[in-house]
Amino acid sequence: MGIIERIKEIEAEMARTQKNKATEYHLGQLKAKIAKLRTQLLEPPKGSSAGGDGFEVTKFGHGRVALIGFPSVGKSTLLTMLTGTHSEAASYEFTTLTCIPGIIHYNDTKIQLLDLPGIIEGASEGKGRGRQVIAVAKSSDLVLMVLDASKSEGHRQILTRELESVGLRLNKRPPQIYFKKKKTGGISFNSTLPLTHVNEKLCYQILHEYKIHNAEVLFREDATVDDLIDVIEGNRKYIKCVYVYNKIDVIGIDDVDKLAQRPNSVVISCNLKLNLDRLLSKMWEEMGLVRVYTKPQGQQPDFSDPVVLSADRGGCTVEDFCNHIHRNLIKDVKYVLVWGTSARHYPQHCGLGHVLQDEDVVQIVKKKEKEEGGRGRFKSHSTAPARISDRQKKVPLKT
Ligand SMILES: Nc1nc2c(ncn2[C@@H]2O[C@H](COP(=O)(O)OP(=O)(O)OP(=O)(O)O)[C@@H](O)[C@H]2O)c(=O)[nH]1
Ligand SMILES: [K+]
Ligand SMILES: [Mg+2]
């Protein structure tokens with residue numbers, strides 16, 4: 001029997017089993033069995049080079065966003081509208097057969113947008129190009145799940161299930177469970193608060209299923225069995241998702257209103273160019289990019305070319321900022337001056353651990369420079385600011 005059939009069989013057994021106190025251990029065990037099989041399913045078949053027939057697209061820009069959705073919901077139309085790169089759109093399904101990258105220029109940053117073939121139920125098990133599409137989703141910083149506003153809400157659930165079954169977790173943060181395998185000592189099970197979903201025995205049983213007999217487990221939140229399995233598997237990818245309801249031109253205003261009020265959702269119409277600005281600003285917000293402008297001593301900051309940092313990827317501290325400019329810079333830095341929302345007063349003297357925020361301006365004071373009387377060797381890009389916000393106007397030239 002193949003892995004998919006075995007998963008189906010266990011799912012059927014779970015559906016048959018009544019949920020109660022007496023069956024919770026058995027159900028937990030079955031969940032762990034399915035999780036193990038799904039992980040097996042993700043491993044590339046023996047003898048094949050990993051991801052050989054995937055959609056290899058080089059990462060570009062400050063972040064990557066993937067368009068995921070059923071066929072003909074308008075993914076390609078949207079890519080063409082937002083990036084200016086043409087991607088063929090037509091009224092028949094599976095018009096797009098590969099991955100097509102475009103670039104969104106927004107807030108002085110470049111974001112790579114990827115158009116992809118439509119996926120359908122069963123994608124995670126290899127239907128259509130589902131596996132390749134999902135692999136691209138996994139490599140992204142944000143998923144835009146494109147939905148047809150006139151179609152059933154069930155599509156969103158089906159797609160979410162497909163993505164979840166391959167280890168993607170949308171709009172969730174990693175469970176607050178500390179888990180560490182040990183060589184000896186048995187299982188130590190602790191929690192910092194009362195648990196309502198998992199007890200010691202259930203935890204043992206799940207670990208037993210994974211043949212783990214020595215480990216430290218500490219629950220820091222009232223997590224579920226599924227959370228515990230996610231932590232044990234350790235290969236989950238936590239990714240943000242915005243639900244994009246396209247084609248609102250074909251539904252009534254009341255329905256548009258309802259969809260717009262759903263969490264993490266944006267309603268748009270590509271045909272009528274409705275609400276695309278809102279989509280872009282939501283996308284930007286969710287990506288959590290932090291633009292930091294460098295200010296050479298005695299000059300205007302360069303407001304056209306920010307250093308772009310991200311809390312999720314690489315971090316946003318002064319140290320991360322310095323490493324971004326040059327990997328050897330850090331050892332010469334004495335302190336930095338910071339203007340912007342992260343500063344308590346202007347300018348604030350900050351150390352390497354200071355966490356920067358979007359649109360901060362930073363001047364680096366080097367160890368040597370100070371001794372030499374502050375002659376800046378720091379690279380200046382331009383003196384003419386391209387765009388100055390009110391906050392940025394407060395940065396004095398002289399400093
Ligand atoms: N009414 C309406 N139709 C739209 C809108 N956006 C796209 N369409 C139409 O929907 C159809 C499918 O658009 P595509 O962009 O090809 O959709 P897709 O999701 O890329 O489709 P596949 O590549 O086949 O998965 C086309 O006929 C588009 O003209 C919209 O806002 N409103
Ligand atoms: K299409
Ligand atoms: Mg398409």
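Just so you know, ligand 1 is whichever comes first in the structure, and atom 1 is the first atom listed for that ligand. Residues take their numbers from the sequence shown, with the count starting at 1.
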- Angle class for the F189/F219 ring planes (parallel below 30°, perpendicular above 60°, tilted otherwise)?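 Tilted, since the angle between the ring planes falls between 30° and 60°.
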- Query: With respect to M283, which candidate in V242, I111, V266, V244 satisfies the side chain to side chain contact (heavy atoms under 4.5 Å, CB included) definition?
  - Reply: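 Only one of V242, I111, V266, V244 forms a side chain to side chain contact (heavy atoms under 4.5 Å, CB included) with M283, namely I111.
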- Which of these, N264, N275, L142, L144, sits in a side chain to side chain contact (heavy atoms under 4.5 Å, CB included) with K282?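 For K282, the side chain to side chain contact (heavy atoms under 4.5 Å, CB included) check succeeds only for N264.
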- Item | Connected hydrophobic set around I103, excluding itself, where side chains approach under 4.5 Å |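 For the cluster that includes I103, the remaining residues are F60.
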For ligand 1, which part of [X] has a heavy atom less than 4.0 Å away: the side chain, the backbone, both, or neither?
{"X": "N271", "answer": "both"}
{"X": "N246", "answer": "side chain"}
{"X": "K75", "answer": "both"}

- Message: Show me the pairs that pass side-chain hydrogen bond (donor to acceptor under 3.5 Å, both in side chains) and involve residues 185-198, at least two apart or across chains.
- Response: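 Found T196-D222.
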- Item | contact_flag S72 ligand 1 heavy-atom lt 4.0 Å |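 Right, S72 reaches ligand 1.
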- Task: Give every protein N, O or S atom lying under 2.8 Å from the Mg ion (ligand 3), naming each by residue and atom.
- Result: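 Protein N/O/S atoms under 2.8 Å of the Mg ion (ligand 3): S76 OG, T96 OG1.
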- Contacting atoms of ligand 1, where contact means under 4.0 angstrom from a heavy atom of P71: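 Checking each atom against P71, I get 25 (O).
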- Check each of K183, K181, K182 against E216 using the salt bridge (charged side-chain N to carboxylate O under 4.0 Å, His left out) test, and report the only one that passes.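 Single salt bridge (charged side-chain N to carboxylate O under 4.0 Å, His left out) partner of E216 among K183, K181, K182: K182.
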- For atom 11 (C) of ligand 1, which protein heavy atom lies nearest, and how many Å away is it?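 Going by distance alone, atom 11 (C) of ligand 1 is nearest to A90 O, 3.6 Å.
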- Query: Closest non-hydrogen protein atom to atom 32 (N) of ligand 1, residue and atom name please, with distance?
  - Reply: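 Answer for atom 32 (N) of ligand 1: D249 OD1, 2.8 Å.
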- Protein N/O/S atoms under 3.4 Å of the K ion (ligand 2)?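 Listed by chain and number: S72 OG, A90 O, Y92 O, T95 OG1.
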